[in-house]
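Here the structure is laid out as C-alpha cells; the discussion comes afterwards.
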Amino acid sequence: MAEGTKQDLKVVGNSSCAGGQYRRVKITGECTIAGNVECEKFSCTGDATVHGNLQTEELSMTGDMQITGDVEAKKIRGKGDLAIDSRICGEDVSFSGNLEVQGDCESGFLEVYGGIQIQGLLSAERLQLRMLGPCQAREIGGGDLDVKRSKGTIWKQLFGQDSSVVLHAELIEGDVVSLDYTKAGIVRGKDVVIGPGCEIERLEYWGKVEVHPEASVKEQIYLKERA
C-alpha cells in the first residue's frame with residue numbers, strides 16, 4: 001500500500017477487523033485484529049488482541065493487550081497487562097503493570113513498575129525495574145541494571161505480605177548492576193551492588209563490589225579482566 005493511501009483504523013465498542021498497513025490505529029473498547037499490523041501509532045484503551053506481528057513507531061495502551069507474534073516499536077507507553085507470545089523490541093519502553101514475553105525482550109531504555117515474566121533474554125542498555133509483584137527472566141544483560149522493590153511494597157513489608165516480590169534469573173550481567181530482592185545463579189558486572197534480600201550463587205566482578213549484610217552470596221570472584 002502506498003504511503004499516501006494509508007488509512008486510519010478507529011474502533012469504538014466491540015469489533016473485529018483484518019490486519020494491514022494503516023496510518024494510525026485507535027481502539028476504544030474491545031477489538032480482535034486478524035493478521036499483521038504496520039502503522040505509525042497504535043493506541044488502545046480497553047482490550048485488544050493482535051493475531052500476528054505488530055510493527056509501529058509508537059504503542060500506547062491502557063488495559064489488556066495480547067500479541068501472538070513479534071512486537072517492534074520505537075516508543076512504548078502502557079498501563080495494564082501486556083502479553084506477547086513471541087519477542088519484543090522497543091527503543092524506549094515505560095510500562096506500569098504486568099509484562100509477559102514468551103521470547104526475548106530487547107530495549108534501549110526499559111522502565112517497568114510492576115511485574116515481568118520474560119521467558120528468554122532481557123536485554124537493555126538501561127533497565128529500571130521497580131517490582132510490585134513476582135518477576136522472572138531467564139537471563140538479563142545490559143549496561144546499567146537497577147532492580148528494586150517499588151516503594152508501594154515497603155508498606156506491605158510491615159505486614160509480611162511481600163515475600164513473593166522477588167526477581168528470579170539464571171544470569172544477570174551488566175556494566176553497573178544494582179540489585180535488591182533478587183535470586184540469581186550468576187551475577188556478573190564491573191561495579192556491583194548486592195542489596196537486601198538477595199540470594200546469589202556466584203558473584204563475578206572486575207571493578208567495585210558492595211554486599212548488604214542482609215544479602216547472601218555463596219561465591220565471590222574478582223576478575224582481572226571482563227569475562
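When side chains are defined from C-beta on, Pro196 counts as touching Tyr181, because their heavy atoms get closer than 4.5 Å. Side-chain contact between Ile172 and Thr182 is present, with at least one heavy-atom pair separated by less than 4.5 Å. Residues Leu9 and Gln7 form no side-chain contact, since every pair of their non-hydrogen atoms from C-beta on lies 4.5 Å or further apart. Ile88 places a side-chain heavy atom less than 4.5 Å from the side chain of Ile76. With a 4.5 Å cut-off on side-chain heavy atoms, Ile140 and Leu145 count as touching. Looking at Glu204 and Gln220, their side chains never come closer than 4.5 Å, going by heavy atoms from C-beta outward. Here the side chains of Leu110 and Cys105 are in contact, with some heavy-atom distance below 4.5 Å. For the pair Arg77/Met61, no side-chain contact is recorded, criterion being any heavy-atom separation below 4.5 Å from C-beta on.
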Inset, instruction - Quick one: do Glu111 and Ser94 satisfy side-chain hydrogen bond (donor to acceptor under 3.5 Å, both in side chains)? Show the steps, please. - result: CA-CA 5 Å; Glu111 176 185 53; Ser94 181; 2.7 Å; yes
Inset, instruction - Let me see the working for Glu40 and Tyr22 under side chain to side chain contact (heavy atoms under 4.5 Å, CB included), right down to the final yes or no. - result: CA-CA 7 Å; Glu40 296 176 10; Tyr22 300 99; over 6 Å; no
Inset, instruction - Could you walk me through whether Leu129 and Met131 pass the side chain to side chain contact (heavy atoms under 4.5 Å, CB included) test, one step at a time? - result: CA-CA 6 Å; Leu129 174 60; Met131 298 182 289; 3.8 Å; yes
Inset, instruction - Take Asp64 and Leu82 through the side chain to side chain contact (heavy atoms under 4.5 Å, CB included) test and state the conclusion after the steps. - result: CA-CA 6 Å; Asp64 295 341; Leu82 177 58; over 6 Å; no
Inset, instruction - Using the salt bridge (Lys or Arg N to Asp or Glu O under 4.0 Å) rule, take Lys208 and Glu210 through it: C-alpha gap first, then chi angles, then the decisive distance, then the call. - result: CA-CA 7 Å; Lys208 297 179 293 183; Glu210 179 182 333; over 6 Å; no
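The two residues Val101 and Ser86 have their closest heavy-atom pair at CG1-O, 3.5 Å. For the pair Gly195 and Ala215, the tightest heavy-atom approach, listed with the atom from each and the gap, is O-CB, 3.2 Å. The two residues Cys135 and Gly115 have their closest heavy-atom pair at SG-CA, 3.7 Å.
Looking at Asp8 and Arg24, no side-chain N of the basic residue comes within less than 4.0 Å of a carboxylate O on the acidic one, giving no salt bridge. A salt bridge is defined here as a Lys NZ or Arg NE, NH1 or NH2 lying under 4.0 Å from an Asp or Glu carboxylate O, and Arg126 with Asp146 fails to meet this definition. Note on Glu201 versus Lys218: salt bridge recorded, some NZ/NE/NH1/NH2 to OD/OE distance being below 4.0 Å. We find that Lys74 and Glu57 are joined by a salt bridge, their nearest charged nitrogen and carboxylate oxygen being less than 4.0 Å apart.
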Show which side-chain atoms of residues 42-54 pair as donor or acceptor with protein atoms under 3.5 Å away, not counting sequence neighbours.
| from | atom 1 | to | atom 2 | distance (Å) |
| --- | --- | --- | --- | --- |
| Ser43 | OG | Val25 | O | 3.4 |
| Asn53 | OD1 | Asp70 | N | 2.7 |

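Partners of Tyr205 by ring pair (Phe, Tyr, Trp, His ring centres under 6.0 Å), not counting sequence neighbours, listed by chain and number: Tyr222.
Looking only at distances, no side-chain donor or acceptor of Asp175 sits under 3.5 Å from a matching main-chain atom of Asp144. Between the side chain of Arg149 and the backbone N or O of Val165 there is at least one donor-acceptor pair closer than 3.5 Å. In terms of modelled atom types and a separation under 3.5 Å, the side chain of Thr56 and the main chain of Cys39 share a donor-acceptor contact. At least one donor-acceptor pair closer than 3.5 Å links the side chain of Gln117 to the backbone N or O of Pro134. Judged by distance alone, with hydrogens and angles left aside, the side-chain atoms of Ser107 form a donor-acceptor pair with the main-chain N or O of Gly90 at under 3.5 Å.
Val187 and Val211 fall within a single hydrophobic cluster, where Ile, Leu, Val, Met, Phe, Trp and Tyr are joined by side-chain heavy atoms under 4.5 Å apart, directly or via other members. If you chain together hydrophobic residues whose side chains sit under 4.5 Å apart, Leu122 and Tyr113 never meet in one group. Hydrophobic clustering (ILVMFWY, side-chain heavy atoms < 4.5 Å, transitive): Ile84 and Leu121 are in distinct clusters. Note: the hydrophobic cluster containing Val217 also contains Val147 (ILVMFWY, side chain heavy atoms under 4.5 Å, direct or indirect links).
Inspection of the Gln21 and Glu38 side chains reveals an N or O donor paired with an N or O acceptor under 3.5 Å.
Test Ile186, Val209, Ile221 against Leu203 for side chain to side chain contact (heavy atoms under 4.5 Å, CB included) and you get one pass: Val209.
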